[in-house]
Novice: 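Below are the structure tokens for one structure; questions will follow.
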Amino acid sequence: MKRIFLIALSFFTFSNSCDFGYKRYDGPMAAKPAPPPPTLDPAVKERYHQLAKNFLDRRLPSSFNGAVLIAKDGVPVYELYKGFRDLRTKDSITAETRFQIASTSKPFTAAAVLKLAQEGKLSLNDPLYKFFPGFPYAEVTVQMLLNHRSGLPNYLNYFEANGWNRTTPATNMDVLNTLMTWQPPRAYKPNTHFNYCNTNYVLLALIVEKVSGQSFADYMKNHFFDPLGMSNTFVLTLADSAKVTPSFDGYGSYWQHDFSDGPYGDKNIYSTPRDLLKWDQSWYTNNILSQEMKDSAFTAYSHERPGTHHYGLGWRLLMLPNNKKVIYHNGRWHGFNSSFARLTEEKVTIIILTNRFNHSIYKIARDMYDLFGHYSNNDETGEE
């Protein structure tokens with residue numbers, strides 16, 4: 001009880017010192033005129049449709065419960081919506097069904113930070129104690145969070161190790177507060193090793209809130225989702241938890257929530273394939289981020305050992321010996337699986353979302369690359 005009291009007292013004191021009160025926001029970001037909708041020659045569209053259909057008819061398992069969208073030049077050439085939003089009530093999945101995209105949320109969080117850096121409101125070289133006074137891991141910078149080189153411990157592990165009740169929802173501030181008070185040991189020395197860690201992106205979402213004066217959900221809506229016309233996309237808050245699409249294990253049993261469902265930034269964006277295609281297409285323009293910022297996002301920062309797998313700023317990068325490059329991010333959370341891949345040379349987009357656990361979608365998405373270009377002999381795995 002004494003430790004709980006001290007943690008609560010520290011949380012109250014630290015929360016006030018960091019001033020997370022959100023400021024007034026006077027309206028949505030001014031959107032640039034929408035470009036004309038993309039077009040594709042009907043014969044080309046049909047050819048790509050048949051490529052995708054023939055492949056997926058063979059490869060998607062009969063238990064697949066989710067959505068698929070394949071696009072060429074921004075035009076959907078294949079869409080599939082199969083199964084049920086809720087296996088208990090048998091309401092069919094449609095193009096408007098919103099799936100938790102799990103770690104495929106991380107590129108959104110990274111883009112928010114890059115936008116604030118582009119506007120001069122923060123620097124990627126800023127140490128975290130600039131935003132969180134007294135932060136005990138002094139060498140860690142914003143960029144180290146973005147490219148998973150911070151060496152920080154993963155809250156998914158140290159919460160349980162320190163006795164957090166699995167049934168008590170955690171928040172982003174709980175993650176920060178426990179780092180401040182418990183000071184769990186680092187996983188690695190900062191900037192010496194790539195170590196994929198959800199803690200990094202929980203802290204980045206807090207930085208967005210601290211710098212912008214808006215909640216993370218509002219910032220993403222005002223600066224990304226609304227301007228891009230992503231009307232079926234939102235950041236989950238605890239108030240939404242009873243209304244969102246549920247997930248199920250591979251046997252069809254409902255996946256119960258636990259303490260780890262609360263934090264956002266590392267996950268907890270809900271979206272649809274059609275909205276994610278709008279997100280994909282925005283990266284071919286400078287409407288949201290400058291070319292310099294986009295280039296930094298797609299630069300590999302993990303070169304400790306030779307290989308084809310790297311991480312940029314919020315994106316995984318598959319960089320093949322033949323100079324082919326895939327910009328992607330997979331996700332997995334409870335029964336949700338997501339695969340989002342951008343073959344930028346061919347301008348092909350591959351999106352697969354499920355809410356019934358199905359690990360096979362990662363290999364299915366990977367094997368589709370060769371339908372559109374020479375991506376064979378890659379060794380991509382199903383990592384998030």
Side-chain angles (χ1 to χ4, degrees), residues 66-71 99-114 145-149 154 194-202 204-205 220 224-225 228 230 233 235-236 263-273 275-284 288-289 293-302 307-320 324-334 336-344 348-354 358-359 361-369 375 378-384:
V68 181
L69 187 151
I70 312 299
F99 293 83
Q100 152 86 269
I101 62 172
S103 287
T104 306
S105 302
K106 287 182 171 73
F108 285 94
T109 304
V113 174
L114 292 175
L145 299 181
L146 287 166
N147 58 22
H148 291 296
R149 297 178 65 83
N154 196 326
F194 170 79
N195 182 47
Y196 188 87
C197 177
N198 283 311
T199 303
N200 295 327
Y201 276 72
V202 171
L204 286 170
M220 298 307 298
F224 290 91
F225 305 153
L228 294 176
M230 300 174 67
T233 302
V235 177
L236 179 75
Y264 48 79
D266 58 334
K267 59 184 181 307
N268 268 341
I269 288 179
Y270 281 70
S271 192
T272 67
D275 271 9
L276 290 176
L277 179 60
K278 294 175 182 177
W279 167 241
D280 163 71
Q281 291 299 290
S282 74
W283 288 87
Y284 290 106
I288 299 295
L289 292 174
M293 283 298 172
K294 290 186 296 182
D295 289 344
S296 70
F298 303 146
T299 297
Y301 296 89
S302 44
T308 58
H309 297 284
H310 299 283
Y311 206 91
L313 301 181
W315 292 95
R316 288 192 180 273
L317 307 170
L318 180 65
M319 305 172 74
L320 300 174
K324 302 289 279 185
K325 182 176 182 178
V326 181
I327 299 167
Y328 73 104
H329 213 298
N330 293 334
R332 180 178 62 194
W333 189 255
H334 296 339
F336 293 105
N337 305 102
S338 56
S339 186
F340 179 90
R342 309 180 65 239
L343 312 182
T344 55
V348 166
T349 315
I350 299 170
I351 302 167
I352 307 178
L353 307 177
T354 75
N358 192 327
H359 193 269
I361 71 157
Y362 306 118
K363 188 173 191 316
I364 290 169
R366 177 199 70 198
D367 288 347
M368 288 194 77
Y369 300 169
Y375 293 91
N378 71 72
D379 61 347
E380 181 191 350
T381 59
E383 73 271 291
E384 291 182 40

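Bear in mind that the values here come from a model prediction, so they are computed numbers and not experimental data. Side chains are part of it too, since the values below use all heavy atoms of this structure and drop only hydrogens, waters and symmetry mates.
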Novice: Hey, are the side chains of F194 and H309 touching, using non-hydrogen atoms and a 4.5 Å cut-off?
Specialist: no
Novice: Can you name the residues that form a salt bridge (charged side-chain N to carboxylate O under 4.0 Å, His left out) with D367, not counting sequence neighbours?
Specialist: R59, K363
Novice: Side chains of S105 and Y201: any donor to acceptor distance under 3.5 Å?
Specialist: no
Novice: Determine whether a donor-acceptor pair (N or O, by modelled atom type, separation under 3.5 Å) exists between the side chain of R342 and the backbone of D280.
Specialist: yes
Novice: Angle class for the W283/F298 ring planes (parallel below 30°, perpendicular above 60°, tilted otherwise)?
Specialist: tilted
Novice: How close do A111 and L289 get, counting heavy atoms only, and between which atoms?
Specialist: O-CD2, 3.9 Å
Novice: Just so I know, are the side chains of K325 and L320 near enough to count as touching, which here means a heavy-atom distance under 4.5 Å?
Specialist: no
Novice: Tell me, please, which residues at least two apart from T299 pass side chain to side chain contact (heavy atoms under 4.5 Å, CB included).
Specialist: Y301
Novice: Measure from the side-chain N and O atoms of N200 to the backbone N and O of N147, and report whether any donor-acceptor pair falls under 3.5 Å.
Specialist: no
Novice: Against the six-membered ring of Y328, is R366 placed for a cation-pi contact (under 6.0 Å from the centre, within 45° of the normal)?
Specialist: no
Novice: Might you work through the side-chain contact (heavy atoms from CB on, under 4.5 Å) test for S103 and N198, ending with a clear yes or no?
Specialist: CA-CA 9 Å; S103 287; N198 283 311; 4.2 Å; yes
Novice: Applying salt bridge (charged side-chain N to carboxylate O under 4.0 Å, His left out), name anything that partners K294, two or more places apart in sequence or on another chain.
Specialist: none
Novice: Rounded to the nearest 0.5 Å, how far apart are CG of N330 and CD1 of I352?
Specialist: 9.0 Å
Novice: Rounded to the nearest 0.5 Å, what separation is found between the OG1 atom of T272 and the CG atom of L353?
Specialist: 8.0 Å
Novice: Can you tell if the side chain of L236 reaches within under 4.5 Å of the side chain of Y264, non-hydrogen atoms only?
Specialist: no
Novice: Taking side chain as C-beta onward, heavy atoms only, is F340 less than 4.5 Å from H329?
Specialist: no
Novice: Under the side-chain contact (heavy atoms from CB on, under 4.5 Å) rule, what do W279 and S271 come out as? Steps first, then yes or no, please.
Specialist: CA-CA 10 Å; W279 167 241; S271 192; over 6 Å; no
Novice: Step by step, work out the side-chain contact (heavy atoms from CB on, under 4.5 Å) result for N154 and Y196.
Specialist: CA-CA 9 Å; N154 196 326; Y196 188 87; over 6 Å; no
Novice: Report the residues that fulfil ring-ring contact (aromatic ring centres under 6.0 Å, His included) with F225, sequence neighbours left out, ordered by chain and then residue number.
Specialist: F108
Novice: Identify, with sequence neighbours excluded, every residue that meets side chain to side chain donor-acceptor pair (under 3.5 Å) alongside S338.
Specialist: T104
Novice: How long is the span from the OG atom in S282 to the CG atom in L277, to the nearest 0.5 Å?
Specialist: 10.0 Å
Novice: Using side-chain heavy atoms (C-beta onward) and a distance below 4.5 Å, is M368 in contact with I70?
Specialist: yes
Novice: About how many Å separate CG of L318 and OH of Y375, when rounded to the nearest 0.5 Å?
Specialist: 9.0 Å
Novice: Can you see which heavy atom on R332 is nearest to which on N337, and at what distance?
Specialist: CG-ND2, 3.7 Å
Novice: What's the shortest heavy-atom distance between Y362 and G331, and which atoms?
Specialist: OH-O, 2.6 Å
Novice: Of all the heavy-atom pairs spanning A365 and I350, show the shortest one and how long it is.
Specialist: O-CD1, 4.0 Å
Novice: Contact between L317 and I327 at the side-chain level, heavy atoms closer than 4.5 Å - yes or no?
Specialist: yes
Novice: Would you call K324 and Y369 a side-chain contact if the rule is heavy atoms closer than 4.5 Å?
Specialist: no
Novice: Checking Y311 against K106: is there a side-chain donor and acceptor pair closer than 3.5 Å?
Specialist: no
Novice: Rounded to the nearest 0.5 Å, how far does CG of L313 lie from OG of S296?
Specialist: 5.0 Å
Novice: When you look at L69 and L276, which way does the side-chain contact (heavy atoms from CB on, under 4.5 Å) test go after all the steps?
Specialist: CA-CA 9 Å; L69 187 151; L276 290 176; over 6 Å; no
Novice: To the nearest 0.5 Å, what is the distance between OG1 (T233) and CG (L228)?
Specialist: 9.5 Å
Novice: Under the side chain to side chain donor-acceptor pair (under 3.5 Å) test, which residues partner R149, sequence neighbours left out?
Specialist: N191, E304
Novice: Using every non-hydrogen atom in the two residues, find where M220 and A112 come nearest and quote the distance to one decimal.
Specialist: SD-CB, 3.7 Å
Novice: For residues K267 and F336, determine if any side-chain heavy atom of one lies less than 4.5 Å from a side-chain heavy atom of the other.
Specialist: no
